[in-house]
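A quick write-up on the structure given underneath.
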Amino acid sequence: MMKTIKKLLKYLAIFILSLVTYLLIVTLLSFVSVNEDLVENQKEIPIYILTNGVHTDIVLQIKNEHHDWSTQLKFEHTKSKDTTYQYVALGWGDKGFYLETPTWADLKASTAIKAASGLSTSAMHVTFYKHLKENQSCKKIQISLGNYKKLVAFIKESFQTKSGEFLKIETDAVYGKHDVFYEANGSYSLFYTCNSWANQALKAANQKAALWTISDSGIFRHYE
């Protein structure tokens with residue numbers, strides 16, 4: 001009996017030590033900035049980073065002279081079917097979290113285990129807005145055309161496609177009348193979260209970002 005208890009205590013100690021090490025590494029790396037000294041000659045296109053306190057979205061104009069998202073992110077896919085939206089917020093994440101966990105109280109152990117282990121599938125959450133208000137949760141960034149094109153390419157590669165079309169997920173688990181889900185590429189894990197994706201999007205566009213982060217704060221601290 002004592003041997004069993006000692007083994008359990010040993011495994012518990014290893015788990016706690018691993019968790020503390022993981023959290024320490026995550027925190028430290030999020031403070032390391034990349035592209036901090038980047039100088040862009042022409043900052044002509046606005047983009048935004050938007051957080052709900054947990055999750056980071058990349059927000060773009062739905063349409064400008066360089067790209068029209070409405071050809072693939074269709075207004076009619078939302079409940080409102082409103083065609084007057086001006087901005088689109090794009091977020092990548094675990095499909096199970098998005099569709100099966102409207103609140104933390106609804107979180108199932110199986111969903112959490114799949115997400116943490118990288119065994120589940122992912123989804124793109126697309127939310128349309130008519131207006132954006134800059135504040136601590138919404139930061140505006142001006143970028144060059146070249147970097148904007150790199151950002152668009154990164155985001156488009158995150159969507160699963162068929163015959164050039166993004167694959168809409170047929171579900172009633174949307175958050176409101178102005179959002180929709182699409183099938184995405186990649187897997188969520190302890191080491192690559194929704195915020196890691198947003199951070200990578202900023203890196204792809206040569207913007208300030210954390211060396212690595214799993215949290216929204218790891219992104220936003222570089223834009224204070």
Side-chain angles (χ1 to χ4, degrees), residues 34-35 38 40 43-52 54-78 85-95 97-99 121-130 132 137-169 174-175 178-189 192-210 212-216 218-220 222-223:
V34 298
N35 298 326
L38 177 72
E40 292 191 89
K43 296 184 176 183
E44 50 197 315
I45 300 176
I47 68 169
Y48 300 81
I49 49 174
L50 176 68
T51 179
N52 63 5
V54 177
H55 168 91
T56 305
D57 281 336
I58 302 294
V59 188
L60 307 174
Q61 297 167 314
I62 290 175
K63 183 189 298 186
N64 59 29
E65 60 185 302
H66 310 293
H67 191 74
D68 183 359
W69 286 101
S70 67
T71 61
Q72 290 175 299
L73 304 175
K74 302 181 187 298
F75 299 123
E76 59 263 31
H77 286 170
T78 66
Y85 295 118
Q86 300 298 310
Y87 300 94
V88 59
L90 303 115
W92 176 95
D94 179 76
K95 189 174 178 179
F97 269 123
Y98 272 145
L99 304 185
T121 54
S122 58
M124 291 294 295
H125 185 220
V126 173
T127 309
F128 294 100
Y129 291 95
K130 292 184 180 181
L132 287 176
S137 299
C138 183
K139 301 288 187 178
K140 183 179 180 179
I141 310 166
Q142 293 286 141
I143 68 175
S144 68
L145 174 57
N147 285 329
Y148 173 77
K149 288 181 176 179
K150 291 176 182 178
L151 178 60
V152 169
F154 175 88
I155 293 173
K156 291 180 75 172
E157 287 173 2
S158 298
F159 284 86
Q160 287 189 30
T161 60
K162 184 177 182 180
S163 301
E165 293 289 322
F166 295 158
L167 302 178
K168 179 178 179 286
I169 298 174
V174 290
Y175 298 166
H178 60 301
D179 67 314
V180 59
F181 289 100
Y182 294 90
E183 299 286 358
N185 294 312
S187 295
Y188 187 104
S189 74
Y192 194 84
T193 68
C194 53
N195 296 302
S196 304
W197 177 87
N199 192 62
Q200 285 298 113
L202 291 170
K203 283 184 180 181
N206 295 314
Q207 300 307 302
K208 289 187 296 183
W212 178 55
T213 187
I214 62 168
S215 68
D216 61 333
I219 296 172
F220 277 76
H222 301 285
Y223 288 90

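- Counting all heavy atoms, side chain and backbone alike, L151 lies closest to A205 at CB-CB, 3.8 Å.
- Side-chain contact between Q61 and Y148: absent, with no pair of heavy atoms (C-beta onward) separated by less than 4.5 Å.
- For the pair T193/F97, no side-chain contact is recorded, criterion being any heavy-atom separation below 4.5 Å from C-beta on.
- Remark: E65 CD is loosely packed, at most 12 non-hydrogen atoms of other residues, nucleotides or ligands lying under 6.0 Å away.
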Take H55 and H125 through the test side chain to side chain contact (heavy atoms under 4.5 Å, CB included) and record every step on the way to the result. CA-CA 11 Å; H55 168 91; H125 185 220; 5.6 Å; no

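- Within 6.0 Å of NZ in K162 there are 12 or fewer heavy atoms belonging to other residues, nucleotides or ligands.
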Go through the steps for L90 and M124 under the test side chain to side chain contact (heavy atoms under 4.5 Å, CB included), then give the verdict. CA-CA 7 Å; L90 303 115; M124 291 294 295; 4.2 Å; yes

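- Counting only heavy atoms from C-beta outward, the side chains of H178 and T127 approach each other to under 4.5 Å.
- Between the side chain of S196 and the main chain of T213, a donor-acceptor pair closer than 3.5 Å is present.
- Considering only heavy atoms from C-beta on, F128 stays 4.5 Å or farther from D179 through its side chain.
- Side chains of N195 and I214 form no contact here, defined as non-hydrogen atoms less than 4.5 Å apart.
- Not a single donor-acceptor pair under 3.5 Å links the side chain of T51 to the backbone N or O of S137.
- Taking the side chain as every heavy atom from C-beta outward, W197 and I155 approach each other to under 4.5 Å.
- Taking the six-membered ring for Trp and thresholds of 30 and 60 degrees, Y48 and Y87 have ring planes more than 60 degrees apart, a perpendicular arrangement.
- Ring-plane geometry between Y98 and F181 is classed as tilted, the angle between the planes lying from 30 to 60 degrees on a 0 to 90 degree scale.
- Relative orientation of the W92 and Y192 rings is perpendicular, given thresholds of 30° and 60° on the angle between their planes.
- Ring geometry for Y182 versus H77: interplanar angle of 30 to 60°, hence tilted.
- In this structure, the side chains of F159 and V126 come closer than 4.5 Å at one or more pairs of heavy atoms.
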Could you give me the CA-CA distance, side-chain angles and deciding distance for T56 and D216, then say whether side-chain hydrogen bond (donor to acceptor under 3.5 Å, both in side chains) is met? CA-CA 6 Å; T56 305; D216 61 333; 5.2 Å; no

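- Counting heavy atoms from C-beta on, the side chains of I169 and K95 come closer than 4.5 Å.
- Annotation: cation-pi pair K139/F220 absent, no NZ/CZ under 6.0 Å from the ring centroid and within 45° of its normal.
- When all heavy atoms of Q72 and G164 are compared, the closest pair comes out as NE2-O, 2.6 Å.
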